[in-house]
Amino acid sequence: MPQLGLPRVHYAATDSTNERARQLAAGGAPHGTLVTAASQTAGRGRQGRVWTAPAGTSLLCSVVLRETTALLPLVVGVAAADALASLGYDPKLKWPNDVHLDGRKVAGILAEGRPAEGWAVAGIGINVAVRVNDLPTELQETAASLELQPAEVETVLGILLMALEARLGDPEEVVLEAFRERDALLGREVSWSGGVGVAGGIDASGRLIVSSDGSTVLLDAGEVHLGTI
Ligand code: BTN
């Protein structure tokens with residue numbers, strides 16, 4: 001497999017790097033094709049949410065993948081955590097793939113794909129040099145930043161791509177174990193549309209195991225909007 005990051009398309013501004021990458025993937029772009037942007041006008045988050053980042057202060061990137069796995073959302077989260085750990089931070093993973101520093105979200109992942117067409121897109125947003133006070137008020141209580149300089153966005157990108165490449169080559173069990181070591185929810189109360197319970201780790205398919213009312217519930221990332229209590 002060729003290295004991740006080539007070819008690369010960079011936008012000063014675009015709607016969503018995931019949208020651009022999806023279009024390239026559907027048009028036959030090779031494995032590793034990278035789309036980056038200094039700013040997005042319609043950055044997308046999971047479950048229909050928006051992703052907001054002041055221009056030039058965030059890593060906003062999407063990578064086209066031709067070989068993928070059902071665990072891709074977790075693989076990308078673990079890789080993002082690896083990248084931050086190698087920079088000296090102590091990231092935790094809030095299932096399925098939010099990356100947290102000290103209980104605040106510093107990075108988000110949006111993995112999308114068309115397995116039948118042989119492609120997936122891994123979209124990653126990392127608050128590299130964001131000043132949290134510049135974010136919309138509702139995010140200021142929950143967001144974190146690496147508090148680096150805007151010029152360091154490229155450095156973080158390089159480290160992230162290497163981490164992602166390494167994790168894509170790992171056996172599933174190794175990725176799951178790495179996730180478990182950084183699991184922010186273990187033992188915590190969680191709520192979802194179907195109830196409340198206590199998080200007990202992830203299973204071999206990457207589902208969240210929850211003890212609820214004396215029984216075990218397995219939550220699927222695609223279906224569940226999770227809250228913490
Ligand atoms: C989430 O936490 O809900 C996922 C956020 C994913 C944001 C990134 S930013 C780069 C890429 N392009 C997008 O439109 N979304 C992802």
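Every number for a ligand or one of its atoms is a count from 1 in the order of the listing. Residue indices begin at 1 and follow the sequence shown.
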- Query: If you round to the nearest 0.5 Å, how far is OG of S58 from CD1 of I124?
  - Reply: 12.5 Å
- Message: Out of all atoms in ligand 1, which are within 4.0 Å of some heavy atom of C61? Include the element for each.
- Response: 10 (C), 11 (C)
- side chain to side chain contact (heavy atoms under 4.5 Å, CB included) partner of H31, chosen from V63, L4, L6, T68: L4
- Task: Using a strict cut-off of 4.0 Å, indicate which atoms of ligand 1 neighbour a heavy atom of R44.
- Result: 5 (C), 6 (C), 7 (C), 13 (C), 14 (O), 15 (N), 16 (C)
- Going by an N to O cut-off under 4.0 Å, is there a salt bridge joining D220 and R207? no
- Message: Checking contacts here: is it the side chain or the backbone of Q40 that comes within 4.0 Å of ligand 1, counting heavy atoms only? Could be both or neither.
- Response: side chain
- Task: Using a strict cut-off of less than 4.0 Å between a Lys/Arg side-chain nitrogen and an Asp/Glu carboxylate oxygen, indicate whether D134 and R131 qualify as a salt bridge.
- Result: yes
- Message: Taking the basic N atoms (NZ, or NE/NH1/NH2) and the acidic carboxylate oxygens, is any pair closer than 4.0 Å for R180 and E173?
- Response: yes
- Item | Salt-bridge contact E177-R167 (side-chain N to carboxylate O under 4.0 Å) | no
- Task: Give the residue and atom name of whichever protein heavy atom lies nearest to atom 2 (O) of ligand 1, and the separation in Å to one decimal.
- Result: K105 NZ, 2.5 Å
- Under 4.0 Å from any heavy atom of G45, which atoms of ligand 1 are there? 1 (C), 3 (O), 4 (C), 5 (C)
- Query: In the protein, which heavy atom is nearest to atom 3 (O) of ligand 1, and how far is it?
  - Reply: R46 N, 2.6 Å
- Message: Would W51 count as a polar contact of ligand 1, with the cut-off being nitrogen or oxygen pairs under 3.5 Å?
- Response: no
- Item | Atom indices of ligand 1 within 4.0 angstrom of G43 heavy atoms, with elements | 14 (O)
- Note on the structure: of all protein heavy atoms, closest to atom 4 (C) of ligand 1 is I109 O, 3.4 Å
- Got a salt bridge between D90 and R182, using NZ or NE/NH1/NH2 to carboxylate O under 4.0 Å? yes
- Under 4.0 Å from any heavy atom of D98, which atoms of ligand 1 are there? 2 (O)
- Query: Under the 4.5 Å side-chain heavy-atom rule for ILVMFWY, direct or indirect, which residues accompany V35?
  - Reply: V9, Y11, L24
- Proximal atoms of ligand 1 relative to T17 (non-hydrogen, under 4.0 Å): 10 (C), 11 (C), 12 (N)
